[in-house]
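Counting starts at 1 for both ligands and their atoms, in listed order.
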Amino acid sequence: MRMENKVVLISGASRGLGATQAKMLANEGASVIVGDILEAEGNMIVEQMATENKHALFVYLDVTKSSSWNECMTKSINRFGKVDVLINNAGISATGDILGTSEETWDRIMEVNAKGVFLGTRAVLPHMINRRTGSIVNISSQMGLVGTDTSNPAYQASKAAVHIFTKSTAVRHAKDGIRANSIHPGPIKTPMLDETSIEPGRLEKVLSGVPLNRIGTPAEVGYGVIFLASDESSYITGSALIIDGGYLAR
Ligand code: NAD
């Protein structure tokens, strides 16, 4: 199995892309920590995995709080002894353009999507540096690589921050045996996509730019996550994996 003996901490794994990653990584032999603010959903995922004899733990994690990350790391190490992989997946989005984005919305999106990735990385780094191994996978977005009028501008800016923060992590910590890569999904069927598709015509406009002409599935992102999390990608760091049906190829 591709993730045998690996321990993976995933933020925002109670639903959507993160929940699929948790199940797919466990199917490849990983022990998985589901970190999220959604406790009922997270516990349900972990219970379901336990019935399939998978090793999983739910930990309440608010990615915007340094103390929450520290508690999550302590609980993860107490249970599984180590953390090999961090997947910074938690994220929020919003609708609206620049004039329609409040300061509060800007701050909140930056806090979860950009600061959350920084705090998560800072929380796992000492452990990974000590062990001289680790893989960090940051879930950015196609919207972090290009300007559009179909995505909230604060969301785009936050995902662009994740893109370069990933490269900074990769360059600084290669000497410690740690790799860091980002993934840039296009439109994928999750609760977030449903929530941001309430703007009339938005989804149709996004889809008109996707050469494969369909929305992606969470599993299609999950396969990329497994690759970057596992030792199969041992010579890959600082890279950006685009999984977008060809949107950015135009
Ligand atoms: P989702 O809304 O379905 O799931 C996001 C998860 O993050 C939820 O479980 C939520 O509770 C959690 N979360 C939110 N705030 C948190 C916090 N402060 N602390 C901990 N957890 C928190 O969204 P999704 O579509 O599964 O998105 C997952 C990631 O993929 C996000 O970073 C998103 O920006 C990115 N992404 C999604 C798409 C898409 O089309 N679905 C495209 C590109 C990128």
Distance filter under 4.0 Å to P185 heavy atoms, resulting ligand 1 atoms: 42 (C), 43 (C), 44 (C)
Sub-3.5 Å N/O-N/O distance, G18 and ligand 1: no
Which of the ligand 1 atoms, numbered from 1, are nearer than 4.0 Å to a heavy atom of P187: 40 (O)
Distance-minimising heavy-atom pair for V8 and A30: CG2-CB, 3.9 Å
Residue and atom name of the nearest protein heavy atom (relative to atom 10 (C) of ligand 1), distance in Å to one decimal: D36 OD1, 3.6 Å
From H173, R179, R172, residue fulfilling side-chain hydrogen bond (donor to acceptor under 3.5 Å, both in side chains) relative to D176: H173
Identity and separation of the nearest protein heavy atom to atom 37 (C) of ligand 1: L17 CD1, 3.9 Å
Shortest heavy-atom approach to atom 22 (C) of ligand 1 - which of A90, G186, G144: A90
Pairwise distance OH(Y155) to CD1(I92) - rounded to 0.5 angstrom: 10.0 Å
Residue portion contacting ligand 1 (non-hydrogen atoms closer than 4.0 Å) for A19: neither
A13 heavy atom under 4.0 Å from ligand 1: no
Protein contact of atom 3 (O) of ligand 1 - nearest heavy atom, named by residue and atom, plus distance: R15 NE, 3.1 Å
Identity and distance of the protein heavy atom lying nearest atom 31 (C) of ligand 1: N89 O, 3.2 Å
Option of least heavy-atom distance to atom 35 (C) of ligand 1 (set: I37, T20, I139, I243): I139
Heavy atom of S93, distance to ligand 1 below 4.0 Å: no
Minimum-distance protein heavy atom relative to atom 44 (C) of ligand 1: S140 O, 3.2 Å
K189 contact mode with ligand 1 (heavy-atom cut-off under 4.0 Å): neither
Taking atom 25 (O) of ligand 1 as the reference point, the nearest protein heavy atom with its distance: T190 OG1, 2.5 Å
Residue, atom name and distance, where the atom is the protein heavy atom closest to atom 17 (C) of ligand 1: V63 CG2, 3.7 Å
N152 versus T101, side-chain donor and acceptor atoms under 3.5 Å: yes
Electrostatic pair D231:K6 at N-O distance under 4.0 angstrom: yes
hydrophobic_cluster_shared for L119 and V137, side chain cutoff 4.5 Å: no
Any N or O of Y155 closer than 3.5 Å to N or O of ligand 1: yes
G91: numbered ligand 1 atoms lying under 4.0 Å from its heavy atoms: 5 (C), 7 (O), 14 (C), 31 (C), 32 (O)
R15 CZ to L38 CG distance, which is reported to the nearest 0.5 Å: 6.0 Å
Minimum-distance pair of heavy atoms, taken over all atoms of K159 and S141: CG-CB, 3.7 Å
Whether G35 lies under 4.0 Å from ligand 1, heavy atom: no
Rounded distance [0.5 Å steps], CG in D194 versus NZ in K189: 3.5 Å
ILVMFWY network linking I139 to I33, side-chain heavy atoms under 4.5 angstrom: no
Residues N181 and S239: side-chain donor-acceptor under 3.5 angstrom: yes
N or O pair under 3.5 Å between Q142 and ligand 1: no
For ligand 1, the portion of L61 having any non-hydrogen atom under 4.0 Å away: backbone
Over 12 non-hydrogen atoms of neighbours within 6.0 angstrom of NE2 in H55: no
Residue-ligand contact E111/ligand 1, heavy atom below 4.0 Å: no
Protein contact to atom 18 (N) of ligand 1 [nearest heavy atom, distance to 0.1 Å]: D62 OD1, 3.0 Å
From L207 atom CG to K205 atom NZ, the distance as rounded to the nearest 0.5 Å: 13.0 Å
